[in-house]
Each structure stands twice: as structure tokens, then as C-alpha cells.
Asks: 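Got a structure for you, written out below as C-alpha cells; questions coming shortly.
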Amino acid sequence: MLFASIFGENIHVGIWDTGDGSSMFAAQTRLTDRLTDLLRLQSGQYLLDVGCGTGRPAMRLAERAQARVLGVSISSSQVQSAIAKSRDAGLSAQLEFIHVDAMNLPCESETFDAACAVEMLFHVPDRLQVLREIHRTLKPGGRVVLAEFVEREQLTGEERDLLTKGFAFSSLLHPGNHGDALSQSGLEVIQAHDVTEQTRPSMSWLQSRYSADRERLADHYGPDFAAQMDQLLPAGLSIYTEKLGYVIAEARRPTR
């Protein structure tokens, strides 16, 4: 839950426009709204949020589109936090959160009108299996939007090891490779949007926020952990700035 402690209610990057002085929360909300627009959800439709975190993006999606949302996460603590937040916001009738492995969803086929996965797929050991489960549970014609980091420049073995051990990265696609990954699962690509430059301010914000909150985090997680983060976070942010990018990909399950 370290990054939840730093990022706040939205455990993902934000999007800024040129010269935009928005807060991180406003930029994160802008990313969620961009996803909502691409999903084209209609009132009363049913969305699958794969890797729902602590539930804030699902709440925003549900409110903005007047849709129902099932959020799934491998983290039981995040699910409990999401349930509490949705209850406090009076959104329990629209939102449900369950602790489950996204590689084996306990859902009937052709259940959802749309699906999204925000900064989740690069963490899972089998990306293709998650995409197959999304395909299986989507209704024909259902849209899916993925938001994730991509490998723009070749990582060294040392850099890849740092991302794996320090940030739980499992796999990274190269820009332009979403079509292959999606088609293997039965989904078809609509469009991929490279929003790398619009997300860059998230990294400087993250470093500044960690520096400001370091004492509090050290008290909570311990001084040894904080000392490790003092080394790990700048290295990870440097890799992102120099080697990684950020893509939002639109796809759909083909109609019969």
C-alpha cells in the first residue's frame, strides 16, 4: 500500500495539458475521464474494472457514466478499501468489488458491456490470459480500454531487474505491439494513443511528494524501508523518463 500512501485515492498517473498547472488529483481524474470517454459507456451498462485498486477510478466512472461497475483486484486490502469508499459515497448499488485473480474471473461469459485495465497488465505473470478473460466476459461489440507503461527504449538487464524487484513489473510491451497482444486474445484494436509527454509531470510530482512525506512513511514502514526507497524511487523515475512511455489502447470484442 506504499504507493496508495503517496498517490492518494487514485493509484495511477495523471494527464496534463501543455502549460497546465493542475493538481495531481485533477490530472488523475482527467485520465479517468479520458478512459470513460473512450469506453463510450451508456447509463445502466456494466463495466469490468480489472485491477481496480482502492476504487476511486471505478467510483468516478460509475458517477460520470451512470454505469454499474465490478472491480476486481488481487489485493484483499485494496478491495476492502474500495468497498468502504463506495459505501461512504452512497454508491454501493452501482459498485461491487471482489478479491480475485484476473487470470480466472468468476464471471459468466458475455457479461460486461465494457472493460478497462489501468496500469495493471504489466504486473501480471500472464498478460495474454488476462486479455482472454476480458474477451470471454465481454459481450460481442464490447469495448476495452487499457492504460499502461510501455518500453520505448531497450532496457538493460539491470534496469529490468530493478523494475521487477522494486516495482513488481512482469512484462512491458513496446509501442505499437498492442495489436499483436490483443489479437492473440481475440480482441481487435481500434486505436492506440501515446500520451507519454502528457503523463511526464506525474514523475516529478511523485518524487516531490515522497520527499515531503518521507518522515511519515519512515515512521509507518520503518527506517530501513525508507532508506531503500531513497535509492529505488529516483532510479525507477529515471528509467521511466529515459526509457518508458505511456499508452492508452482502445479495443473491442468483435461482433458475431
Asks: What pairs of residues pass the ring pair (Phe, Tyr, Trp, His ring centres under 6.0 Å) test when at least one of them lies in residues 124-148, not counting sequence neighbours?
Replies: none
Asks: Count the heavy atoms of every other residue, nucleotide or ligand shown that sit under 6.0 Å from CD of Gln231, and state whether that count exceeds 12.
Replies: no
Asks: Looking only at heavy atoms, what is the nearest atom pair of Val130 and Met120, with distance?
Replies: CG1-CE, 4.3 Å
Asks: Linking I/L/V/M/F/W/Y whenever their side-chain heavy atoms sit closer than 4.5 Å, directly or via other members, would Val72 and Val69 fall into one cluster?
Replies: no
Asks: Would you say Leu95 and Arg68 make side-chain contact, with heavy atoms under 4.5 Å?
Replies: no
Asks: Please name the pair of heavy atoms, one in Asp194 and one in Arg152, separated by the smallest distance, quoted to 0.1 Å.
Replies: OD2-NH2, 3.9 Å
Asks: Quick one: list whatever passes side chain to side chain donor-acceptor pair (under 3.5 Å) with Arg252, sequence neighbours left out.
Replies: Glu188
Asks: Using a strict cut-off of less than 4.0 Å between a Lys/Arg side-chain nitrogen and an Asp/Glu carboxylate oxygen, indicate whether Arg34 and Asp37 qualify as a salt bridge.
Replies: no
Asks: Could you check whether any side-chain heavy atom of Ile83 comes within less than 4.5 Å of a side-chain heavy atom of Glu96, counting everything from C-beta outward?
Replies: no
Asks: For the side chain of Glu119 and the backbone of Val13, is there at least one donor-acceptor N/O pair under 3.5 Å apart?
Replies: yes
Asks: Take Arg127 and Leu131 through the side-chain contact (heavy atoms from CB on, under 4.5 Å) test and state the conclusion after the steps.
Replies: CA-CA 6 Å; Arg127 172 193 297 267; Leu131 291 173; 4.1 Å; yes
Asks: Hey, is Glu110 close enough to Arg253 for a salt bridge, meaning N to O under 4.0 Å?
Replies: yes
Asks: Would you say Glu108 and Thr137 make side-chain contact, with heavy atoms under 4.5 Å?
Replies: no
Asks: Please report the C-alpha distance between Leu38 and Gln191 in whole Å, then the side-chain angles of each, then the deciding distance to 0.1 Å, and finally whether the side-chain contact (heavy atoms from CB on, under 4.5 Å) criterion is met.
Replies: CA-CA 10 Å; Leu38 294 175; Gln191 188 174 358; over 6 Å; no
Asks: How close do Gly186 and Pro254 get, heavy atom to heavy atom, and via which atoms?
Replies: O-CD, 3.2 Å
Asks: Is it true that Leu187 and Leu121 fall in one hydrophobic cluster, defined by side-chain heavy atoms closer than 4.5 Å?
Replies: yes
Asks: Is Glu63 salt-bridged to Arg60, going by a charged N under 4.0 Å from an acidic O?
Replies: no
Asks: Going through the checks in order, is the side-chain hydrogen bond (donor to acceptor under 3.5 Å, both in side chains) test met by Ser76 and Gln80?
Replies: CA-CA 6 Å; Ser76 59; Gln80 291 305 312; over 6 Å; no
Asks: One pair to check against side-chain contact (heavy atoms from CB on, under 4.5 Å): Ile11 and Gln78. What are the steps and the verdict?
Replies: CA-CA 11 Å; Ile11 313 175; Gln78 288 186 351; 3.9 Å; yes
Asks: Salt bridge check: are Arg143 and Asp113 linked by an N-O gap of less than 4.0 Å?
Replies: no
Asks: Which heavy atom of Ala67 sits nearest a heavy atom of Leu41, and at what distance?
Replies: CB-CD1, 4.2 Å
Asks: Starting from the C-alpha separation in whole Å, work towards a yes-or-no answer on side-chain contact (heavy atoms from CB on, under 4.5 Å) for Leu138 and Thr111.
Replies: CA-CA 6 Å; Leu138 272 180; Thr111 295; over 6 Å; no
Asks: Just jot down the side chain to side chain donor-acceptor pair (under 3.5 Å) partners of Arg160, sequence neighbours excluded, or say none.
Replies: Glu151
Asks: If you look only at pairs with a residue in residues 234-256, which of them pass as a ring pair (Phe, Tyr, Trp, His ring centres under 6.0 Å), with sequence neighbours excluded?
Replies: Phe149-Tyr240, Phe149-Tyr246
Asks: I need the Leu233 CG to Met203 CE distance, nearest 0.5 Å.
Replies: 9.5 Å
Asks: To the nearest 0.5 Å, tell me how far Leu35 CG sits from Arg30 CZ.
Replies: 13.0 Å
Asks: Determine which pairs satisfy ring pair (Phe, Tyr, Trp, His ring centres under 6.0 Å) with at least one residue from residues 83-119, sequence neighbours left out, and list them in order.
Replies: Tyr46-Phe112
Asks: Let me see the working for Ser75 and Ser77 under side-chain hydrogen bond (donor to acceptor under 3.5 Å, both in side chains), right down to the final yes or no.
Replies: CA-CA 5 Å; Ser75 169; Ser77 61; 3.1 Å; yes
Asks: Is any side-chain heavy atom of Ile98 closer than 4.5 Å to one of Pro106?
Replies: yes
Asks: With distance as the sole test, does Ser183 use its side chain to make a donor-acceptor pair with the main-chain N or O of Gly179 at under 3.5 Å?
Replies: yes
Asks: Could you give the distance from CD1 (Ile248) to CG (Leu31), rounded to the nearest 0.5 Å?
Replies: 5.0 Å
Asks: Would you compute the distance between atom CD of Gln66 and atom CD of Gln45 and round it to the nearest 0.5 angstrom?
Replies: 12.5 Å
Asks: Where the side chain of Asp213 meets the backbone of Arg216, is there a donor-acceptor pair that is under 3.5 Å apart?
Replies: no
Asks: For Ser202 and Gly14, indicate whether the former's side chain and the latter's backbone hold a donor-acceptor pair under 3.5 Å.
Replies: yes
Asks: Give a yes or no answer on whether the side chain of His123 reaches the backbone of Ala168 with a donor-acceptor pair at less than 3.5 Å.
Replies: yes
Asks: Given the rule that I, L, V, M, F, W and Y join up when any side-chain heavy atoms are under 4.5 Å apart, are Val189 and Val195 in one cluster?
Replies: no
Asks: So, for Asp126 and Met103, which heavy atoms are closest and what is the spacing to 0.1 Å?
Replies: CB-SD, 3.5 Å
Asks: Can a donor-acceptor pair be found, under 3.5 Å and without considering hydrogens, that links the side chain of Thr29 to the backbone of Phe25?
Replies: yes
Asks: Is the side chain of Gln94 donor-acceptor paired with the backbone N or O of Ala62 at a distance under 3.5 Å, no angle test?
Replies: yes
Asks: A side-chain contact here means heavy atoms from C-beta on lying under 4.5 Å apart; do Leu146 and Val144 qualify?
Replies: yes
Asks: Identify, with sequence neighbours excluded, every residue that meets side-chain contact (heavy atoms from CB on, under 4.5 Å) alongside Cys116.
Replies: Leu39, Leu47, Asp49, Leu61
Asks: Taking Ser170 for the side chain and Phe122 for the main chain, is one N or O donor matched with an acceptor at less than 3.5 Å?
Replies: no
Asks: Nearest 0.5 Å please: distance from the OG atom of Ser171 over to the CG atom of Leu163.
Replies: 11.5 Å
Asks: Could you tell me which non-hydrogen atom of Ala65 sits nearest to which non-hydrogen atom of Thr36, and how far apart they are?
Replies: CB-CG2, 4.2 Å
Asks: Under a single-linkage definition using a 4.5 Å side-chain heavy-atom cutoff for Ile, Leu, Val, Met, Phe, Trp and Tyr, are Val124 and Val150 assigned to the same hydrophobic cluster?
Replies: no
Asks: Should Phe225 and Leu206 be counted in the same cluster of Ile, Leu, Val, Met, Phe, Trp and Tyr side chains packed under 4.5 Å apart?
Replies: yes
Asks: Is there side-chain contact between Leu155 and Leu172, with heavy atoms separated by less than 4.5 Å?
Replies: yes
Asks: Any chance CZ of Arg40 has more than 12 other-residue heavy atoms, nucleotides or ligands included, within less than 6.0 Å?
Replies: no
Asks: Check whether any side-chain heavy atom of Met59 sits under 4.5 Å from a side-chain heavy atom of Lys85, and report yes or no.
Replies: yes
Asks: Less than 4.5 Å apart, side chain to side chain, heavy atoms only: is that true for Gln154 and Glu159?
Replies: no
Asks: Can you tell me how far CG of Asp33 sits from CZ of Arg64, rounded to the nearest 0.5 angstrom?
Replies: 4.0 Å
